[in-house]
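On a predicted model such as this, the values are computed, not experimentally measured, just so you know. Naming: A, B, ... by sequence-line order, numbering from 1 per chain.
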2 protein chains.
Amino acid sequence: MKKDSQFMTLTNSEENYLKAIYHLSDGGKKGVSTNDIASSMKTKPASVSDMLRKLGEKEVINYRKYYGVQITEEGRNYALQVIRKHRLWEVFLVDKLKFNWDEVHEVAEQLEHVRSPLLTQRLDEFLNFPKFDPHGDPIPDEFGDVKARPRIALNDMEVNAAGQIVAVKDSSAAFLRYLDKVGAYIGARVKLLDKVEFDGSVEILVDQKTLFMSKDVASNILIVVT
Amino acid sequence: MKKDSQFMTLTNSEENYLKAIYHLSDGGKKGVSTNDIASSMKTKPASVSDMLRKLGEKEVINYRKYYGVQITEEGRNYALQVIRKHRLWEVFLVDKLKFNWDEVHEVAEQLEHVRSPLLTQRLDEFLNFPKFDPHGDPIPDEFGDVKARPRIALNDMEVNAAGQIVAVKDSSAAFLRYLDKVGAYIGARVKLLDKVEFDGSVEILVDQKTLFMSKDVASNILIVVT
DNA sequence: ATTGTATTTTAGGGTTGGCTAAAAAATAAT
DNA sequence: ATTATTTTTTAGCCAACCCTAAAATACAAT
């Protein structure tokens, strides 16, 4: 049952699953597991299996029973349009309605499902074609293209600048263990409190704690300043 | 099963039914029929019966089988809040996103169901607490109170002013037949094209046609200028 | 008052999306 | 390699909301 992606419509629930699958695969083309989807959506694996069958029939994912799923080209485009709407609404809520950046998620989860291409286009225009949302995440354009986020090494941040950890250069087990121990996981928000001239080490605030980090370590952590 | 109206939540579908019932009863306290609800919602009477039972259990309507339904105090308040959201979004779409006034309904039908008291409040603020929507309908405030629309007789309109027929003073059958014949039903949009000094008669545009109307007739038609 | 018509409700069924419990398949452990 | 464990799927059930067909009730007409 092939439907052209231009005219296909998914239910809100299907859109939410697709979004979750998109986020869990995150660039990497490896499959996503049923359990991961279930826990990220706060639902049960049995419900996920059911939904994967449906999404597979609609060809927005490739589904092989007992193995993970991969999102298809159509699926990715569809997901990106939902994400586009979500992030545009977040910008609206923060910039125009004076919401705090941590109050917007739940409301945007509802607004992202409103179906009106004209609305999305006009909202984009009204907000002056923003490229990033209030969390620093990029807003896909109408074709699904995203602007690469300008990423810098943690030790290249300005003092008092804040941002989000988006990647690490060194991915040795020891390094990742260290990051995990101090709470510096991918996605964590960090603030650079001070730079030590002498050895280039930095004092940062991460996961509600302040700590010192050597220049060596800091230079391997990539940040998006927001 | 009594639920306090402050904390009760209805599904989107239940909200739509309640809104339809509210609009069909329109001030008058007489009951609304199952068939009327069905045709106004483009659904079948059997589906309506089912829903009425549910809405009755939730005490937003008084339901007696085989007789009409009446909306309760709680129901009316709930409906007014949905209508409030609908009309605020219409103002947003027209004033901020440059939609035409006849393009907004479908989108507002979706936006009216977004659940976030903070969003509604901030939107109201952002729009500068509008009292009427782009169609001239009043926007209930957070307590459900609506500002009475300033209504004037058709022949008291300014030349080139446009508005909507909201009521008639004379409701004799002959008069109503005449109105029906010329397409001047309640809710119709009219534009006053010219006034004849000599006899006080008016030239108007209604239902895509221009016609002359005596002062006597025009003075019995009440308009809200928009 | 009885009959006929229109309205409304009930009965039964379909779809979507969730659940639990049990079966099946894949993966890990010995 | 076989067994144990984890993961995933199937089977069966429930609730919301819609439908059609048939039964029940109300209303109108004689």
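A salt bridge is absent between A:K131 and A:D141: the closest approach of a Lys/Arg side-chain nitrogen to an acidic carboxylate oxygen does not fall below 4.0 angstrom. By the 4.0 Å N-to-carboxylate-O rule, A:R87 lies too far from A:E90 to be salt-bridged with it.
Taking 4.0 angstrom as the limit, B:N35 places none of its side-chain polar atoms (N or O) nearer than this to OP1 or OP2 of C:dA6. Side-chain N/O atoms of B:T34 include one lying less than 4.0 angstrom from OP1 or OP2 on C:dT9. Using a 4.0 Å cut-off, some side-chain N or O of B:T11 falls inside it from OP1 or OP2 of D:dC17. Between A:Y66 and D:dT6 there is no side-chain N or O to OP1 or OP2 distance below 4.0 Å. Taking only side-chain nitrogens and oxygens, A:K65 comes nearer than 4.0 Å to OP1 or OP2 of D:dT10.
Rounded to whole Å, atom P of D:dT9 lies 13 Å from atom CG of A:L55. A:K44 has its NZ atom 17 Å from the C1' atom of D:dC13, to the nearest Å. Atom-to-atom, CD of B:E14 to P of D:dA16 comes out at 8 Å; the value is rounded to the nearest Å. Summarising the geometry, the separation between CG on A:L10 and C1' on C:dT16 is reported as 13 Å, rounded to the nearest angstrom. Summarising the geometry, the separation between CD1 on B:I37 and C1' on D:dC18 is reported as 16 Å, rounded to the nearest angstrom. In this structure, the CG atom of A:N16 is 14 Å from the C1' atom of C:dG18, given to the nearest Å. Rounded to whole Å, atom P of C:dT10 lies 6 Å from atom OH of B:Y63. Atom OH of B:Y17 is separated from atom P of D:dC17 by 9 Å (rounded to the nearest Å).
The neighbour count for B:F129 CZ, taken as heavy atoms of other residues, nucleotides or ligands under 6.0 Å away, is above 12.
Of all nucleotides listed (C:dT9, C:dT16, D:dC18), D:dC18 comes nearest to the side chain of B:M51. Comparing D:dC18, C:dT8, D:dT20 by their closest approach to the side chain of B:S13 singles out D:dC18. Distances were taken from every side-chain heavy atom of A:A46 (C-beta onward) to each of D:dA11, C:dG18, C:dG17; the shortest belongs to D:dA11. Closest contact between the side chain of B:T43 and the listed nucleotides D:dT9, C:dG17, D:dC19 involves D:dC19. In the set C:dT20, D:dC18, C:dA26, D:dC18 carries the atom at the smallest distance from any side-chain atom of B:D50. When distances are taken from the side chain of A:S47 to each of D:dT10, C:dG18, C:dT9, the shortest belongs to C:dG18.
Side-chain N or O atoms of A:T72 include one that pairs as donor or acceptor with a backbone N or O of A:V60 at under 3.5 Å.
For B:E57 and B:Y63, the side-chain atoms include no donor-acceptor pair closer than 3.5 Å.
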